[in-house]
2 protein chains.
Amino acid sequence: MFSPENRFRDYLKKKGLKFTPERRLILKKVFSLHGHFDADKIYDEMHKKNRKLSRATIYRTFPLLVESNLVKETLRCQKRANYEPVFGYSHHDHLICINCGRVIEFRNDLIEHLQEKVCKKYRFEPLEHRLGIKGYCQKCAGKRQRR
Amino acid sequence: MFSPENRFRDYLKKKGLKFTPERRLILKKVFSLHGHFDADKIYDEMHKKNRKLSRATIYRTFPLLVESNLVKETLRCQKRANYEPVFGYSHHDHLICINCGRVIEFRNDLIEHLQEKVCKKYRFEPLEHRLGIKGYCQKCAGKRQRR
DNA sequence: TTCTAATTGAGAATCAATCGCAATTAGTAG
DNA sequence: CTACTAATTGCGATTGATTCTCAATTAGAA
């Protein structure tokens with residue numbers, strides 16, 4: 001009963017917006033990629049499959065997906081905005097290579113637990129957190145040494 | 001003996017670069033602000049004080065300040081790149097109240113340590129990390145309950 | 001089936017950041 | 001101190017991502 005599409009339809013209806021073929025396609029593509037994506041990625045994938053749709057539509061659809069809590073924007077490492085699905089995926093944090101853009105996902109329960117403790121200490125009620133570590137991945141760190 | 005300027009001079013000399021008046025001015029401004037800044041902030045501050053210098057020079061100087069470990073780029077959540085000084089400032093993370101905007105700074109060495117361990121595990125060379133927890137501060141959480 | 005507000009695509013506009021180039025200059029070597 | 005040269009500057013043009021404008025189209029309620 002619960003699927004990204006259902007949630008998206010509900011959200012759109014509640015807002016008086018329409019569930020168009022374009023929005024359905026973008027939604028499907030987003031959830032078929034199983035990972036991070038950006039506007040260009042979606043654009044290219046669509047055009048590869050011969051389904052043309054404009055960049056404007058893609059850029060207009062992303063905020064709706066975020067608002068309906070289906071995806072979230074990740075900490076941006078480069079210039080372009082990057083997203084990842086949240087519906088059906090569990091929480092994790094990121095290592096972001098500032099050279100090649102590679103993103104390594106990790107989950108550390110002890111860190112999560114300590115965050116909760118910090119919140120308790122300050123009587124802070126957490127809703128969401130982001131932990132991003134920027135640096136060089138193994139490959140790029142190696143290349144740097146050799147310079 | 002150790003000052004941002006000394007460190008910057010050393011860095012520039014080591015790289016065969018020059019310590020120009022423009023670079024000195026930018027450096028001074030950056031460290032007189034005691035907080036986050038971006039290219040436009042520096043540009044405006046300069047022009048307020050009647051010291052004109054071009055945006056290009058500012059954009060060209062920031063990477064040098066980062067490379068010499070005087071400032072760091074914060075993980076960007078908005079469009080424009082944002083920086084903060086590191087020389088003379090100690091690391092901290094943030095609890096951010098999404099209701100009143102209050103920012104609580106905290107430091108937890110165990111979390112820091114665990115982050116290092118994660119990096120080691122993935123052979124990732126960390127340069128900078130940012131942990132932000134969004135939610136409600138004590139005051140605002142209280143108000144919410146009563147609603 | 002009708003009607004209307006929402007949506008689309010295409011291209012123009014915007015905004016941050018970078019680049020190319022001619023004129024200038026810091027700082028080293030005499 | 002002077003000459004020299006590679007680095008630097010400002011300017012304006014350029015790039016690249018994203019947003020906007022607007023006429024034509026369409027989802028979906030009535």
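Every chain is numbered from 1 and lettered A, B, ... according to where its sequence line falls, protein lines coming before strand lines. Bear in mind that the values here come from a model prediction, so they are computed numbers and not experimental data.
Partners of A:F37 by ring-ring contact (aromatic ring centres under 6.0 Å, His included), not counting sequence neighbours, listed by chain and number: A:F62, A:Y83. Under the salt bridge (Lys or Arg N to Asp or Glu O under 4.0 Å) criterion, A:K48 pairs with A:E45, not counting sequence neighbours. The side-chain contact (heavy atoms from CB on, under 4.5 Å) search around A:K15 returns A:Y11, A:L17, A:E67, not counting sequence neighbours. By the ring-ring contact (aromatic ring centres under 6.0 Å, His included) test, B:H92 pairs with B:H94, sequence neighbours left out. A:K52 meets the side-chain contact (heavy atoms from CB on, under 4.5 Å) test with A:H47, A:N50; sequence neighbours excluded. By the salt bridge (Lys or Arg N to Asp or Glu O under 4.0 Å) test, A:D40 is found to be paired with A:R55, A:R80, residues two or more places apart in sequence or in another chain being considered. Residues passing the side chain to side chain donor-acceptor pair (under 3.5 Å) test with B:Q138: none are found, sequence neighbours excluded. Taking A:H113 as the reference, nothing meets the ring-ring contact (aromatic ring centres under 6.0 Å, His included) condition, with sequence neighbours excluded.
Put simply, CZ on A:R9 is 12 Å from P on D:dA27, counting in whole angstrom units. Atom CG of A:N82 is separated from atom P of D:dT18 by 10 Å (rounded to the nearest Å). Summarising the geometry, the separation between CG on B:L12 and C1' on C:dA26 is reported as 11 Å, rounded to the nearest angstrom. With rounding to whole Å, B:E73 atom CD is found 15 Å from C:dA16 atom P. Computed from coordinates, the B:R60 CZ to C:dT24 C1' distance equals 13 Å when rounded to whole Å. B:R80 places its CZ atom 17 Å from the C1' atom of D:dG16, with the value rounded to the nearest Å. In this structure, B:F62 places its CZ atom 17 Å from P of D:dT8, rounding to the nearest Å. Put simply, CG on B:D10 is 16 Å from C1' on C:dG27, counting in whole angstrom units.
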For residues 27-36 of chain B, run the donor-acceptor check on the side chains, cut-off 3.5 Å, and write out each pair with its distance to 0.1 Å, sequence neighbours left out.
{"from": "B:S32", "atom 1": "OG", "to": "B:K28", "atom 2": "O", "distance (Å)": "3.4"}
{"from": "B:S32", "atom 1": "OG", "to": "B:K29", "atom 2": "O", "distance (Å)": "2.9"}
{"from": "B:H34", "atom 1": "ND1", "to": "B:Y89", "atom 2": "OH", "distance (Å)": "2.6"}
{"from": "B:H36", "atom 1": "ND1", "to": "B:N82", "atom 2": "OD1", "distance (Å)": "3.2"}
{"from": "B:H36", "atom 1": "NE2", "to": "B:E84", "atom 2": "OE1", "distance (Å)": "3.1"}

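In the helix from C:dT1-D:dA30 to C:dG30-D:dC1, the rotation axis of the first five pairs and that of the last five pairs differ in direction by 40°, rounded to 10 degrees.
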Got a list of protein N/O to nucleotides 11-13 of chain C N/O distances below 3.5 Å?
none

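Residues B:K120 and B:E116 are not paired through a salt bridge, judged by the lack of any N-O separation under 4.0 Å between the basic side chain and the carboxylate.
When the side-chain nitrogen and oxygen atoms of A:Y59 are compared with OP1 and OP2 of D:dT18, one or more of them lie within a distance under 4.0 Å.
When the nucleotides C:dT18, D:dT9, D:dA29 are ranked by their closest atom to the side chain of A:K13, D:dA29 comes out on top.
Only A:G16, A:L17, A:K18, A:T20, A:E22, A:R23, listed by number, bring a heavy atom of residues 15-24 of chain A to less than 4.0 angstrom from any atom of DNA chain C.
For B:R55 against D:dG12, a side-chain-to-base donor-acceptor contact under 3.5 Å is absent.
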